[in-house]
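The block underneath contains the structure these notes are about, expressed in structure tokens.
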2 protein chains.
Amino acid sequence: MCNTLREEIQVKLQNGDYHCEKEMTLSIFSGKWKVVILWHLGVEGPHRFNDMQRLFKNISHKTLSNQLKELMEDGVISRKVYPESPPRVEYSMTELGYTLLPIIEMMYDWGKMRIEQLKNEGLIS
Amino acid sequence: MCNTLREEIQVKLQNGDYHCEKEMTLSIFSGKWKVVILWHLGVEGPHRFNDMQRLFKNISHKTLSNQLKELMEDGVISRKVYPESPPRVEYSMTELGYTLLPIIEMMYDWGKMRIEQLKNEGLIS
DNA sequence: CAGAATCCTTTAAGATACTG
DNA sequence: CAGTATCTTAAAGGATTCTG
């Protein structure tokens, strides 16, 4: 019974248990790459699958694919297919996704501040 | 080579790679219970171990223990032992931890908004 | 190009029992 | 009370191969 946070929240909501507001948000961008994906789509605009693969370096094919799928299920990004050959697919933020951006920006700022702090304290070189 | 986000960030920082600001923040509160812990400590004040166990219901002994330990390592909560018998131990937010609270509050607000939205759309009962 | 499918490893988290 | 230790399960993520 080791449910994922995402599943657990989905079940809770279906059962009318709404006391999980912060977990709900966390459940959307927890996952090793989701904030990074959202950040790039939100700040730099639409990206193609292979662009992101090159950009994120180290992310595996399957993992990228999965994370994109879940973000789509959660309604924060969307997928548009252009009828070309070779196929072109672009991922971009939805309106809902953009409402999440301020949070990610705060996370960015906090991380930046904290890294500076650690440097000043000599805890990292 | 399936490192945890936390470890990966720690290694990056040690190597002078500072391009991981948002992941740095995420790495601190990703984990099924960490935002919940931080929320309660931040909004309601210090808590004892068993208080939290009762409060969070469903969290296992060991998991609570681990998450607290990591949050302490990350410097966002602190632990105070009172020399009594039976022992009393209180966990509370550090100054650094409080700087994280606005982010968690935004997560709370977003989740609340989103749940309302889903209700209005009839996607959840 | 953009992926789905399969197989495999690592890690997070739960259950349970034990200790000062 | 406040943990630690051990064991087990489940899920996330990686590697690789295949396809329209």
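Proteins get letters first, then strands, A, B, ... in listed order; numbering begins at 1 in each.
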Between [N] ([atom2]) and [X] ([atom1]): distance, integer Å:
{"X": "B:Arg6", "N": "D:dG13", "atom1": "CZ", "atom2": "P", "answer": "16 Å"}
{"X": "A:Met52", "N": "C:dC1", "atom1": "CE", "atom2": "P", "answer": "16 Å"}
{"X": "B:Ile37", "N": "C:dA13", "atom1": "CD1", "atom2": "P", "answer": "10 Å"}
{"X": "B:Leu68", "N": "D:dC1", "atom1": "CG", "atom2": "P", "answer": "16 Å"}
{"X": "A:Leu64", "N": "D:dA12", "atom1": "CG", "atom2": "P", "answer": "16 Å"}
{"X": "B:Gln53", "N": "C:dG14", "atom1": "CD", "atom2": "C1'", "answer": "12 Å"}

- Message: So, OP1 or OP2 of D:dC1: does either fall under 4.0 Å of a side-chain N or O from B:Arg48?
- Response: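 Result: no.
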- Given D:dG13, is OP1 or OP2 found less than 4.0 Å from the side-chain N or O atoms of A:Gln67?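 True: A:Gln67 side-chain N/O within range (under 4.0 Å) of D:dG13 OP1/OP2.
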Side chain of [X], heavy atoms from C-beta onward: which of [options] has the nearest atom to it?
{"X": "A:Pro87", "options": "D:dC1, C:dG14, D:dG20", "result": "D:dG20"}
{"X": "B:Glu7", "options": "D:dG3, C:dG14, C:dT11", "result": "C:dT11"}
{"X": "B:Thr4", "options": "C:dA12, D:dG3, D:dA2", "result": "C:dA12"}

Provide a list of protein-nucleic acid N or O atom pairs under 3.5 angstrom, restricted to nucleotides 4-6 of chain D.
residue : atom : partner : partner atom : Å
D:dT4   : OP2  : B:Ser65 : OG           : 2.8

- Query: Side-chain contact, heavy-atom cut-off 4.5 Å: A:Tyr91 with A:Leu68?
  - Reply: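 The answer is yes; the side chains approach within 4.5 Å.
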- Answer yes or no: is there a side-chain heavy-atom contact under 4.5 Å between A:His19 and A:Lys12?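 The answer is no; the side chains never approach within 4.5 Å.
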- Ring centres of B:His61 and B:Phe49 under 6.0 Å apart?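 Yes, close enough.
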- Scan side-chain atoms only and decide if B:Glu90 and B:His47 contain a donor-acceptor pair under the 3.5 Å cut-off.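 No, B:His47 and B:Glu90 have no side-chain donor paired with an acceptor closer than 3.5 Å.
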- A:Leu71 and side chain to side chain contact (heavy atoms under 4.5 Å, CB included): which partner among A:Thr94, A:Val76, A:Leu41?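 Between A:Leu71 and the candidates, side chain to side chain contact (heavy atoms under 4.5 Å, CB included) is satisfied uniquely by A:Val76.
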- Item | Over 12 foreign heavy atoms within 6.0 Å of CD, A:Glu95 |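 At most 12 heavy atoms, drawn from other residues, nucleotides or ligands, come within 6.0 Å of this atom.
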- Among residues 72-82 of chain B, which residues get a heavy atom nearer than 4.0 Å to DNA chain D?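 Here the set is B:Arg79.
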Anything under 3.5 Å between a donor and an acceptor, one on a side chain of residues 97-114 of chain A, the other on a protein residue two or more places apart or in another chain? List them.
residue  : atom : partner  : partner atom : Å
A:Thr99  : OG1  : A:Leu96  : O            : 2.5
A:Thr99  : OG1  : B:Trp110 : NE1          : 2.8
A:Trp110 : NE1  : B:Thr99  : OG1          : 2.9
A:Arg114 : NH1  : A:Gln117 : OE1          : 2.6

- Task: Can you label the angle between the B:Trp33 ring and the B:Phe56 ring as parallel, tilted or perpendicular, going by 30° and 60°?
- Result: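 Parallel.
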- Task: Hey, which sits more toward the 5' end of DNA chain C by its nearest nucleotide, B:Thr63 or A:Tyr91?
- Result: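 Counting from the 5' end, the first nearest nucleotide belongs to A:Tyr91.
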